Amino acid sequence: MTAITPLTRYFSTAARQLQILASSIRKPESAQQIPLLTEDLYNQILDKYPDLKTLKKLHSKIFIDQYLHSNPSIGIKLMRAYAACGETRVTRHIFDEITDKNVVFFNVMIRSYVNNHLFQDALLVYKSMSSHGFDPDHYTYPCVLKACSGSENLWVGLQIHAAVIRVGLDLNLFNGNGLVAMYGKCGCLVEARQVLDEMPSRDVVSWNSMVAGYAKNGRFDDALEVCRDMELLRLKPNAGTMASLLPAVTNTSSDNVSYVKEMFTKLAKKNLVSWNVMIAVYVNNSMPVEAVNLFSQMEACGIDPDAVTIASVLPACGDLSALLLGKRIHEYVDRKKLRPNLLLENAMVYMYAKCGCLKDARDVFDEMQFRDVVSWTSMISAYGMNGQGRDAVALFSKMQDSGLIPDSIAFVSILSACSHAGLLDEGRYYFKSMKGEYMIVPRIEHFACMVDLLGRAGRVDEAYSFIKQMPMEPNERVWGALLSACRVHSNMTIGLLAADHIFQLEPEQSGYYVLLSNIYAKASRWEDVATVRSIMKSRGIKKMPGISNVELDDGVHTFLAGDQSHPQSKEIYEELDVLVAKMKEAGYVPETDSALHDVEDEDKEFHLAVHKAMMWHCYLVSGMVAEVFAIHC
DNA sequence: CTAGGGTTAG
C-alpha cells in the first residue's frame, strides 16, 4: 500500500468499484465483466457481510483463490461471511482448502459452527486442533465453552475448564465469562458463582452471564439480586442484562416488571435487543396493551423491528384483536422479506387466529416452507377457538400424516377444539391415543379438557366420575370446568360439590369466586356467599369488569363495562341506548334463564351486553365484520 | 474472532 495515496482518492476509487460490482449484480449476465478487485476491496466488501448471492459472485472470481493463499485475512473473512449466511458447509470447504492454516482459522471455524448451533461439529474441530499441531488460545476457549453451553455439555465443559487452568488462562476475562456462562447453562450455579467470585476482574458480561444462569434455572430472586448487586457496584445494567433476565420475568409480579421497565428506561443506549426484550417482558406478563404501545413507540423512535420483535409483538396483537396493526405488521414482514422464519410465521398464524381471521391464518400456514408441531398446533387451535372442530380434527390427522409427533400441547389444543365443538367421541379417542400411541402422560390440563368435553356435552355425572379417578389432585380449573357444566346443564347437586372444592382451593382468579357466589346464592347458602366475598376482600381479589379493547388509528383503547371515564361518555351511552333498543327489536334476549344465573345484579349483565353492542357498532361502522367475531370480553 | 432476545392451550 502506497503511503502517499490520499485517503479520499482511495475511497472514491473503492466506491466506484463497489458501484460497478453492484450494477453487475443486478445484471447477472454481465458477471464476467466484474473488474479486478484489490485485496483491500475484497476485505471491505466482506466486512459488510454481503448476502449469499453477492458472496458467491465474489467467491467465484478466480483471483480470490490466489488471495486465499497469499492473504489469510481474505480467507477468514470469506469463511465468516458464509457462516453469517448459515452456509457452514461452504465455510468448512474453504477451511479445508487452506493449506497453511493458522490458529485463527480454527477459531473462526469453531465460531461459525457455534453461531449456527452446530455445537458437536465445533467441538470436533477443537479436538482436531492438536493433531494439526495447533494449541487452542484465549480466543478458542470462549468459543468452545459456548459450544458446551449451547449443547449443555457439562462433561466437555469440565474438560475445557481443566485445560483452561492448565494453560493458565483461567484468570482471563473472556474465558472466565465463558466458564460462568457454561456452568450457569448446565445448571451448576455454585460452580458458576465460584468462577465469577474468583475472577480478578469482571465486566458487565460476567455479571450478565451469572444473571442468565440463575434466570434459566428458575432462581428468579437470585437473578434479580445479582442485578441489584451490579448496580451497587456502580455497574450499569445494559440490554444484555435485560435479555439475560428475561426468563426470570415471565409471569412475574408487577414489581418485577416495573424493575425491568426502570432498567429499560435508564439504559444509556437503547438498542434493538433492549426494545425487543422489553416488549417480550410485557407479552410474557399478559400486558399486551403495553407491548403493542411500546412497539409503536419503538417505530416512532425510528428503530427497525426485526423478526424477533415481530414474533414477540404479534401474539399481543392477537390477544387484543388488533387486526389493523397485525395486518400492517404482515405487510412490513413482506416488505422486509423477513420470511421464511418459523417462529415469526407461527406467531402470525396465532395472531390471525385470535383475530378470528381463519382464512388469513390458513393462508400464512399454507405459505410456510417448514412447519413444526407449534405451527400445526397454532392452526389446529385456530379452528378450535373458532368452533370449527371438524377442521381441527382433519388438520390433526394431516399433521400425523406429515410425520410430526404431536406433543402434550398439541393434544391440549385438539381436546379443547373437540370440547368446544361438542365432538365427544373424537375427544375421547384423542385422549386415549395420547396415552396409548404417543406415551404422553396426561397432565392436569388434559384432564381439565376432558372434564370440559364431557361437561359441555351434558355428561355431568360422567365428568364427575372422571374427576374422581384422576391420578392427581384436581385443581380449580378442573372443578371450574365441572361447575360451568353444572351451570349450563342446571345440575345443582354436583354443582355444589364442585363449588365446595373450589372454595377450599381458594383460587387466585376472580372468575371462580363469581361462579361460587352465584351458586351459593341460588342454593340460599348465604353464609357461604358472605365468606366468598370476605375471602375476595381479604386477598385483594377484585371482580374483573368486562374489558374490551378497541383498536383505533392511534393505538389500542381499553373499555370497561360501565366505564364512564371517556370524555364523550354521555354521547356514547346515549348512542348505546339506541343500539340496545334496536337489539331488542331484533330479538335480543339477555341470558337470564340459567338456573345458576347471577341473580344479584342483573344490570351488570346488561352493561356487558351494552358493552359488546358498542364494540360491534364500532366494528360494523368501519366495515370490519370479521372483528365482530373476535371480540374478547 | 469473544453475551444476550422470539412461536403453540386454558
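In what follows, chains carry the letters A, B, and so on, assigned in the order in which the sequence lines appear, proteins first and then strands, with residues in each chain numbered from 1. Since the model is a prediction, treat every value here as computed from it, not as a measurement.
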Distance-only donor-acceptor test (3.5 Å): side chain Tyr350(A), base dT7(B)
no

Look at the side chain of Asn208(A) against the base of dA3(B) and say whether a donor-acceptor pair falls under 3.5 Å; ignore hydrogens and angles.
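Yes.
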
Plane angle bin for Trp376(A) and Phe365(A) - parallel if under 30°, tilted between 30 and 60°, otherwise perpendicular
perpendicular

Choosing from [options], which nucleotide comes nearest the side chain of [X]?
{"X": "Asn341(A)", "options": "dA3(B), dG6(B), dT7(B)", "answer": "dG6(B)"}
{"X": "Val205(A)", "options": "dA9(B), dT2(B), dA3(B)", "answer": "dA3(B)"}
{"X": "Thr377(A)", "options": "dT8(B), dG10(B), dG4(B)", "answer": "dT8(B)"}
{"X": "Val374(A)", "options": "dA9(B), dT7(B), dA3(B)", "answer": "dT7(B)"}
{"X": "Ser381(A)", "options": "dG6(B), dA3(B), dT8(B)", "answer": "dT8(B)"}
{"X": "Ile409(A)", "options": "dG4(B), dT8(B), dG6(B)", "answer": "dT8(B)"}

Does the ring pair (Phe, Tyr, Trp, His ring centres under 6.0 Å) test come out yes or no for Tyr141(A) and Phe174(A), once each step is laid out?
CA-CA 9 Å; Tyr141(A) 290 115; Phe174(A) 289 100; over 10 Å; no

Hey, is the side chain of [X] poking within less than 4.0 Å of OP1 or OP2 on [N], counting only N and O atoms?
{"X": "Lys354(A)", "N": "dA9(B)", "answer": "no"}
{"X": "Lys146(A)", "N": "dG4(B)", "answer": "yes"}
{"X": "Arg202(A)", "N": "dA3(B)", "answer": "no"}
{"X": "Ser416(A)", "N": "dG10(B)", "answer": "yes"}

Classify the nucleic acid contact of Asp452(A) as base, sugar-phosphate or nothing, counting any heavy atom under 4.0 Å across all strands shown.
nothing

For this output row, return yes or no: ring centroids of Phe106(A) and Tyr126(A) closer than 6.0 angstrom.
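No, they do not, as the ring centres are separated by 6.0 Å or more.
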
Using a distance-only test with no angle check, is there a side-chain donor-acceptor pair under 3.5 angstrom linking Arg362(A) and Tyr352(A)?
no

Are side-chain N/O atoms of Ser274(A) and Asn271(A) paired as donor and acceptor at under 3.5 Å?
yes

Please enumerate all residues that pass side-chain hydrogen bond (donor to acceptor under 3.5 Å, both in side chains) together with Asn208(A), with sequence neighbours excluded.
Asn238(A), Thr241(A)

Which residues in residues 441-450 of chain A have at least one heavy atom lying under 4.0 Å from any atom of DNA chain B?
Glu445(A)

Just list the side-chain donor-acceptor pairs under 3.5 Å for residues 390-397 of chain A, sequence neighbours left out, or say none.
from      : atom 1 : to        : atom 2 : distance (Å)
Arg390(A) : NH1    : Glu426(A) : OE2    : 2.9
Ser397(A) : OG     : Val393(A) : O      : 3.2

